[in-house]
Amino acid sequence: MIEEFNDLKWIPYFLVFLLVINPSFADSNFANIQRMVQFDSSSHAYGCRSSSLNKEARALNTVYLSNGCVLARFQEITIDQFREIRLKAGGLIILLPKNLRDLSLEEKENIFLLEQAMLAEEIMIPVYFSQYDEEIDNIITEISQNPTKDSSSKPSAISEIFKKISQNSFQIVISGSNSPKKDSRIPIIQGELLPFKQSTSDGQTSKQLPVIVISTQLKPFGITNNSPPNFDATILLSMADMFSKLYNQVSSSAKYRIVFVLDESNALLNYQGVKKWLENNVEENVEFAICIESLAESLDNIYMHVSKPPKEGGSIYRFYEILKKKIEQYAPKKSLESVHKKINLADAFFKFPHERFSMRRVAAFTLSSLKSHTDPLKTSMFTEHASSPVLTTESKLDDVIMNNIETNSKILAESLASFIFSFNEDENEEIFTGTMAISPEQNIKPYVALKSLSKSHNIKLAFEKLLKNVKITYDVSTEHDPDFLFYDGEEAKLNIYNVKPAIFDLFLTSLIGCYLFSIYFVVINFPKFYSIISKFLPSAPIATTNGIHKKNN
């Protein structure tokens with residue numbers, strides 16, 4: 001009996017072996033991901049406030065969200081689901097669509113609206129975005145096969161427990177940081193074009209010329225820290241390119257200086273760069289400022305946003321009339337519409353960049369393809385006709401967007417040139433022809449892949465090539481009362497480990513515990529068990545010197 005008992009001593013080793021071969025980190029997948037943007041603007045906190053993750057992957061439709069990381073496709077998350085995830089889940093990993101064009105109109109609209117909902121408030125759980133990855137997509141499909149909230153027939157508790165024990169799960173592990181950047185600042189670059197005779201003979205005279213300001217913003221980030229498309233900056237530099245050629249030929253008759261201003265603070269940062277530039281450049285003879293925002297995001301009409309209706313006969317009114325005719329000439333399918341919205345002084349955030357100028361009593365307007373400041377395309381990292389999301393480092397420019405940029409640049413340049421040189425507005429005279437004609441290869445493509453002033457010098461080189469008196473300034477965030485603040489942790493590495501669920505460890509631990517307890521119980525009470533068992537065993541023969549006799553009862 002003792003020998004039979006010793007033969008069973010391999011069982012605990014086998015159970016320990018099962019536990020050892022089920023480590024927390026077994027089969028793993030890796031992917032580079034982007035953390036959702038985190039920033040402070042005008043004393044308000046926005047974006048993702050956490051970075052580290054070590055949670056079990058959960059499907060979007062799972063019954064239990066608590067203490068798990070939801071892994072889902074961007075186009076499948078609704079705003080209500082996101083709000084529930086933000087309150088209950090431990091994290092969120094979003095897989096971007098492979099191609100935006102493959103999505104339905106409803107799915108696109110859902111993505112645009114979800115972006116705005118995510119950017120409207122601070123989020124305490126870690127949120128990350130991944131470019132389309134087939135392995136991650138397969139994982140989402142696998143974990144989504146579990147019972148959903150809407151399942152009409154729910155499995156029994158016992159079957160669900162055994163299913164949990166038998167199946168594998170995925171552990172999401174991300175190590176990241178989210179400390180404030182010590183050098184939070186907004187770069188601002190400016191340059192100007194002056195008529196030749198004023199700039200070479202008398203600098204004082206050139207300063208007395210009225211100024212037309214052309215301003216736009218590089219979008220420093222969208223819902224991620226990767227820069228969204230900067231097509232407005234492309235339009236601004238294409239205009240600087242064309243007008244530099246025009247001023248070289250016929251600048252003697254120019255009546256205005258043109259100042260080009262580019263900063264890195266869009267609506268998410270409350271146009272802080274425009275505010276800083278106005279503080280440092282108080283121009284008393286500004287004729288008007290043209291603000292360009294989201295002029296290429298949509299193929300629809302062009303809207304002129306103003307804080308108050310332009311006076312008939314004034315400079316802005318006359319430019320509006322010229323612009324309207326040029327749109328009819330070069331883009332008959334489009335139209336120009338004036339949108340008047342008063343500045344709400346009680347609102348800490350401005351709706352369009354021209355409002356910053358208007359607050360300083362500078363006549364200004366914003367040209368945009370968006371009718372309202374609430375349009376989700378205003379701060380989206382996608383464009384309406386983009387073929388792919390803007391997390392790709394080498395994205396190919398869509399032909400539709402290229403044509404839209406070219407058309408809008410042409411319209412704006414022709415309109416401004418007609419205003420500056422007082423050409424006959426009733427005649428459809430084309431100014432930028434021949435060597436000055438707009439060309440996608442020369443005036444657009446070189447300025448499409450513009451990077452941040454902080455990360456590259458290509459913008460500065462373009463300004464210095466085309467303009468005079470180029471200057472770069474910075475709006476630096478103060479330590480005590482910052483108007484804006486940026487954070488680290490823009491990129492991270494996503495680790496997905498294929499593991500057994502936690503309930504399997506609990507089951508295995510319980511099984512080992514029961515085994516050890518039973519062995520302990522048997523060893524402690526072995527004499528009793530032996531005596532009981534002996535009663536049911538046949539008597540063994542007794543060997544003597546006289547022979548073999550049976551034991552007497």
Got a sec, which residues hit side-chain contact (heavy atoms from CB on, under 4.5 Å) with Asp347, two or more places apart in sequence or on another chain?
Asn344, Phe349, Lys351
Is it true that a side-chain atom of [X] and a backbone atom of [Y] form a donor plus acceptor pair closer than 3.5 Å?
X      : Y      : answer
Ser184 : Pro180 : no
Gln116 : Leu113 : no
Thr62  : Ala59  : no
Ser50  : Met124 : yes
Asp232 : Thr216 : no
Ser294 : Ser369 : no
Asp263 : Ser265 : yes
Arg35  : Gly489 : yes
Tyr128 : Ser51  : yes
Ser477 : Phe484 : yes

Donor on one side chain, acceptor on other, His354 and Thr366, under 3.5 Å
yes
Could you please spell out the steps behind the side chain to side chain donor-acceptor pair (under 3.5 Å) verdict for Thr78 and Arg83?
CA-CA 9 Å; Thr78 65; Arg83 289 171 177 164; over 6 Å; no
Determine, stepwise, if the pair Glu490 / Lys181 fulfils salt bridge (charged side-chain N to carboxylate O under 4.0 Å, His left out).
CA-CA 11 Å; Glu490 300 174 359; Lys181 290 185 177 180; 2.7 Å; yes
Is there side-chain contact between [X] and [Y], with heavy atoms separated by less than 4.5 Å?
X      : Y      : value
Glu491 : Ile33  : no
Ile174 : Asn495 : no
Met402 : Ile444 : yes
Leu218 : Leu262 : yes
Leu269 : Phe486 : yes
Glu115 : Pro376 : no

Considering only NZ, NE, NH1 and NH2 on the basic side and carboxylate oxygens on the acidic side, decide whether [X] and [Y] come within less than 4.0 Å.
X      : Y      : answer
Asp475 : Arg185 : no
Glu297 : Lys219 : yes
Lys98  : Glu134 : no

May I ask you to decide if the ring planes of His373 and Phe352 are parallel, tilted or perpendicular, using 30° and 60° as cut-offs?
perpendicular
Tell me whether the rings of Phe521 and Phe517 are parallel (<30°), tilted (30 to 60°) or perpendicular (>60°).
parallel
Please confirm whether Phe39 and Phe221 have ring centers closer than 6.0 angstrom.
yes
For Asn54 and Gln171: C-alpha separation, side-chain torsions, deciding distance, then whether side chain to side chain donor-acceptor pair (under 3.5 Å) applies.
CA-CA 7 Å; Asn54 192 347; Gln171 191 75 11; 2.9 Å; yes
Residues in salt bridge (Lys or Arg N to Asp or Glu O under 4.0 Å) contact with Arg49, at least two apart in sequence or another chain
Asp40, Glu122
Hey, mind stepping through Thr224 and Met381 against side chain to side chain contact (heavy atoms under 4.5 Å, CB included) and telling me if it holds?
CA-CA 8 Å; Thr224 69; Met381 69 176 178; 4.3 Å; yes
Distance in Å, [X] [atom1] paired with [Y] [atom2], rounded so as to fall on 0.5 Å steps:
X      : Y      : atom1 : atom2 : answer
Tyr447 : Ile459 : OH    : CD1   : 12.0 Å
Phe170 : Ile136 : CZ    : CD1   : 11.5 Å
Leu494 : Leu53  : CG    : CG    : 9.0 Å
Arg58  : Ile85  : CZ    : CD1   : 12.0 Å
Gln38  : Leu485 : CD    : CG    : 8.5 Å
Glu293 : Tyr303 : CD    : OH    : 15.0 Å

After noting the C-alpha distance and the side-chain angles of Phe74 and Leu114, does the key distance pass the side chain to side chain contact (heavy atoms under 4.5 Å, CB included) rule?
CA-CA 9 Å; Phe74 202 5; Leu114 181 58; 3.3 Å; yes
Show your reasoning for whether side chain to side chain contact (heavy atoms under 4.5 Å, CB included) applies to Asn32 and Gln131.
CA-CA 8 Å; Asn32 294 321; Gln131 292 189 48; over 6 Å; no
From CA spacing to verdict: side chain to side chain contact (heavy atoms under 4.5 Å, CB included), Tyr474, Ile186:
CA-CA 5 Å; Tyr474 295 91; Ile186 296 175; over 6 Å; no
